[in-house]
Amino acid sequence: MSGAEKVVCVTGASGYIASWVVKLLLQRGYTVKATVRDPNDSKKTEHLLALDGAKERLHLFKADLVEEGSFDSAVDGCEGVFHTASPVLLSSTDPQAELIDPAVKGTINVLRSCAKVPSVKRVIVTSSLAAVAYNGKPLTLDVVVDETWFSDALFCEKLKNWYPVSKTLAEEAAWRFAKENEIDLVTINPGVVIGPFLQPTLNLSVEEILKFIDGAETFSYTFYSFVDIRDVANAHIQALEVPSAAGRYCLVETVIHCSEVMKLLQKLYPTLCLPEKCDDKPSMQGCQVSKEKAKSLGINFIPLEVTLRDTVESLKEKGFLSF
């Protein structure tokens, strides 16, 4: 499946990953039916409408994750559907309403719309490494996580890790529904996504980088599983275009301790005053993540140093940093 004359749908199109998926689809000649909660909210749509090709081939649709049938008109007539819409919150007062319901019900609502449309050849769901790596097995640097791993929602729930709970349950529901309804489903499971952003607002993962640069006194004892936004968006489209694509794809370029991130940032920007002390509270262990399956999609992974530089330049360009 190549772009010319093809019609696809992208849900949650104003989000960080989805905006890049829309951009690359338009570049490849696709017509894109993009869903947003409010098409009249210029803060959410202006950056999409400014993309090359948007005037001719981008169509906005109003849709709500928890409203059944909400995606019917957007999905109708599409050959491929990218379901990226899902809340990303690291803390929540009501995880069921704020995270779990929109993630799980939203996924089923989109797939239900797809099941009604004979033209849909494949559905790509944006999952997360959060739905892969957290099952109680030790996560140390000699462990390699791959696509055969699945997070355990009950284990995550006990730890009150609500985002992994939402992504795990949503992916489980997606595979179950796809099997029952004979939908050709692929999931993309990225780690911590950073890199240049198209939307005017900050997303959580890029905000992590901003915090380091913008006056933090210490950094945490954390390993990050970083991947570039452009590789993530490209993987989504490759998952549609490569006929043999199937199952899940973990996307991580580097697993790196926070102290090493500081060193890279200092090397890139020697004048920056970065935190030098670790807060000494081991929070997350590091493990390796297999790249083999991602490479079968043609993903070569942009090096972290390039991604970090482009993240910082994007923060400067959007007015979040000045130095």
Side-chain angles (χ1 to χ4, degrees), residues 6-19 21-22 25 30-41 44-45 48 58-89 92-128 130-131 150-151 153 156-157 162-189 236 239-240 248:
K6 303 288 186 185
V7 182
V8 293
C9 172
V10 179
T11 71
S14 60
Y16 181 36
I17 293 174
S19 295
V21 172
V22 171
L25 284 166
Y30 285 89
T31 293
V32 182
K33 298 171 83 174
T35 76
V36 290
R37 267 184 297 190
D38 181 4
N40 298 315
D41 182 351
K44 295 293 178 86
T45 60
L48 296 173
L58 178 66
H59 308 284
L60 298 180
F61 288 76
K62 181 181 171 66
D64 190 312
L65 284 170
V66 294
E67 191 182 309
E68 197 173 326
S70 196
F71 295 89
D72 285 3
S73 56
V75 166
D76 190 34
C78 291
E79 293 198 26
V81 174
F82 299 89
H83 175 46
T84 71
S86 193
V88 182
L89 298 168
S92 169
T93 50
D94 185 350
Q96 190 69 41
E98 293 172 352
L99 276 165
I100 297 166
D101 284 349
V104 178
K105 288 181 182 174
T107 299
I108 294 304
N109 282 338
V110 171
L111 289 174
R112 198 171 274 135
S113 295
C114 294
K116 298 174 189 172
V117 180
S119 63
V120 173
K121 303 282 193 293
R122 183 172 286 168
V123 182
I124 291 87
V125 169
T126 311
S127 187
S128 169
F150 287 85
S151 292
C156 296
E157 201 175 313
W162 299 114
Y163 178 67
V165 171
S166 73
K167 296 307 281 187
T168 301
L169 293 176
E171 197 187 318
E172 284 173 2
W175 285 115
R176 197 162 49 243
F177 188 94
K179 190 178 178 185
E180 289 165 2
N181 294 273
E182 296 183 340
I183 290 171
D184 182 357
L185 177 72
V186 176
T187 68
I188 304 295
N189 298 70
H236 279 73
L240 179 69
R248 317 162 86 210

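Listed here is the closest heavy atom pair of Cys156 and Val165: CB-CG2, 3.5 Å. Taking all atoms of both residues into account, the shortest heavy-atom contact from Lys121 to Asp184 is O-CB, 3.3 Å. Looking at every heavy atom in both residues, Ala18 comes nearest to Gly12 through CB-O, 3.2 Å. Minimum interatomic distance between Ala239 and Val186 (heavy atoms only, all atoms of both residues): CB-CG1, 3.8 Å. Thr35 and Cys9 get closest at one heavy-atom pair: CG2-SG, 4.2 Å. Between Pro164 and Ala130, the shortest heavy-atom distance links the atoms CB-O, 3.7 Å.
In this view, Lys62 satisfies the salt bridge (charged side-chain N to carboxylate O under 4.0 Å, His left out) rule with no residue, not counting sequence neighbours.
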Exercise for the section: Assess whether side-chain contact (heavy atoms from CB on, under 4.5 Å) is satisfied between Phe71 and Lys116, documenting all intermediate values. Expected result: CA-CA 11 Å; Phe71 295 89; Lys116 298 174 189 172; over 6 Å; no

Handout entry: Evaluation steps, side-chain contact (heavy atoms from CB on, under 4.5 Å), between Leu240 and Tyr30
Key = CA-CA 12 Å; Leu240 179 69; Tyr30 285 89; 4.0 Å; yes

Handout entry: Criterion side-chain contact (heavy atoms from CB on, under 4.5 Å) on Val123 and Leu111, from CA distance to verdict
Key = CA-CA 8 Å; Val123 182; Leu111 289 174; 3.8 Å; yes

Exercise for the section: Verify side-chain contact (heavy atoms from CB on, under 4.5 Å) between Trp162 and Ile100, making sure each step is shown before the conclusion. Expected result: CA-CA 8 Å; Trp162 299 114; Ile100 297 166; 4.2 Å; yes

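Residue Ser70 holds its OG atom at 12.5 Å from CZ of Arg112, rounded to the nearest 0.5 Å. Distance check: Leu60 CG to Asp41 CG gives 11.0 Å after rounding to the nearest 0.5 Å. Taking CZ of Arg122 as the start and CG of Leu185 as the end, the distance is 10.0 Å to the nearest 0.5 Å. The structure places OG of Ser113 at 11.0 Å from CD1 of Ile108, a figure rounded to the nearest 0.5 Å. Glu172 contributes atom CD, which lies 11.5 Å from atom OG1 of Thr107 (distance to the nearest 0.5 angstrom).
Side-chain contact between His236 and Ile17 is present, with heavy atoms from C-beta onward closer than 4.5 Å. The side-chain heavy atoms of Phe61 and Asp76, taken from C-beta on, include no pair separated by under 4.5 Å. For the pair Trp175/Thr187, a side-chain contact is recorded, criterion being any heavy-atom separation below 4.5 Å from C-beta on.
In this structure, Lys6 contributes its side chain and Gly80 its backbone to no donor-acceptor pair below 3.5 Å. Lys167 contributes a side-chain N or O that, together with a main-chain N or O of Thr126, makes up a donor-acceptor pair within less than 3.5 Å. With hydrogens and angles ignored, the 3.5 Å screen pairs no side-chain donor or acceptor of Thr168 with any backbone N or O of Ala153. A donor-acceptor pair under 3.5 Å is absent between the side-chain atoms of Ser14 and the main chain of Thr45, judged by distance alone.
The side-chain hydrogen bond (donor to acceptor under 3.5 Å, both in side chains) test with Glu171 is passed by exactly one of Ser166, Ser127, Ser151, Ser128: Ser127. Among Val110, Val75, Asn109, Leu65, the one residue that satisfies the side-chain contact (heavy atoms from CB on, under 4.5 Å) test with Thr11 is Val110.
A donor atom on one side chain and an acceptor atom on the other are found under 3.5 Å apart for Gln96 and Asp101.
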